[in-house]
Amino acid sequence: MGKCECSMSISVLGDGCRYCQPQEYIDRLHDQIEDERDELGSRAASVTDDDRNMIAYFLQEKGDIERWSGWEDRKADIGRVYPELIDALDRLKIAERTLDAVVDRIAQEVSGE
């Protein structure tokens, strides 16, 4: 366990470390956690119904989310709220590349290469 290395003046003023001012340290951590929770809540609210409609439209009707011109701008926020969507899209890209490689190999066998 560590020990306080603050000067006496810092320790007395209440700006000390977690050892000489444990309650102040706990309060600061609590405030940081609350700020992060608030930020996460606002991010979740930043995915709008329009975003959800665009996701559904471009995946179900067009078959490619990247055709949505706003995708790159919205991808980070959407990924925070729906990480499983980003994961599924990444796995889909891998599957498509694998399928392309298999089809290419089959085509080469047909052509006798």
Side-chain angles (χ1 to χ4, degrees):
M1 184 168 179
K3 65 177 189 165
C4 177
E5 296 181 8
C6 297
S7 69
M8 181 61 133
S9 62
I10 289 175
S11 183
V12 170
L13 291 174
D15 292 332
C17 67
R18 65 182 177 173
Y19 302 109
C20 64
Q21 298 291 328
Q23 188 59 51
E24 181 69 25
Y25 179 73
I26 291 169
D27 291 343
R28 274 188 259 148
L29 285 178
H30 184 310
D31 291 344
Q32 288 175 348
I33 290 169
E34 288 299 316
D35 289 345
E36 288 178 16
R37 281 186 183 152
D38 291 344
E39 186 178 332
L40 285 173
S42 68
R43 285 181 187 162
S46 70
V47 177
T48 65
D49 286 341
D50 287 339
D51 292 334
R52 291 178 186 91
N53 288 334
M54 294 301 270
I55 291 167
Y57 173 75
F58 277 95
L59 286 173
Q60 294 172 340
E61 300 294 327
K62 298 294 184 181
D64 185 5
I65 191 73
E66 293 181 0
R67 291 179 63 187
W68 175 22
S69 62
W71 173 244
E72 288 302 318
D73 294 336
R74 304 297 300 135
K75 183 177 180 180
D77 287 337
I78 292 168
R80 284 185 202 94
V81 178
Y82 301 110
E84 67 277 10
L85 174 67
I86 304 302
D87 182 52
L89 290 169
D90 290 343
R91 285 185 281 133
L92 177 62
K93 284 182 186 179
I94 292 168
E96 288 173 340
R97 286 193 300 256
T98 302
L99 179 61
D100 288 343
V102 169
V103 170
D104 286 346
R105 189 183 77 229
I106 291 170
Q108 288 175 356
E109 288 176 6
V110 169
S111 66
E113 292 179 11

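Nothing here was measured: the structure is a model prediction, and the numbers come from that model. Residue indices begin at 1 and follow the sequence shown.
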Under a 3.5 Å distance rule, please check whether R74 uses its side chain to pair with a backbone N or O of D51 as donor and acceptor.
no
Hey, could you give me the CD/CG distance between E96 and L92, rounded to the nearest 0.5 Å?
4.0 Å
When rounded to the nearest 0.5 Å, the distance separating CD of E5 from NZ of K3 is 6.5 Å
Less than 3.5 Å apart, which donor and acceptor atoms pair up between the side chains of residues 64-73 and the rest of the protein, not counting sequence neighbours?
from, atom 1, to, atom 2, distance (Å)
D64, OD1, E66, N, 3.1
E66, OE2, K93, NZ, 2.8

Going by an N to O cut-off under 4.0 Å, is there a salt bridge joining D31 and R28?
no
How many angstroms lie between atom CD1 of I94 and atom CG of L99, to the nearest 0.5 angstrom?
13.5 Å
Please output the side-chain donor-acceptor pairs of residues 84-91 that fall under 3.5 Å, not counting sequence neighbours, one pair per line with the distance.
from, atom 1, to, atom 2, distance (Å)
D87, OD2, R91, NE, 3.1
D87, OD2, R91, NH2, 3.1

Cluster link Y57 to V81, ILVMFWY, side chain under 4.5 Å
yes
Using distance alone, with no hydrogens and no angle criterion, decide if Q23 and D27 have a side-chain donor and acceptor under 3.5 Å apart.
yes
Donor-acceptor pair between R52 and Y82 side chains, under 3.5 angstrom:
yes
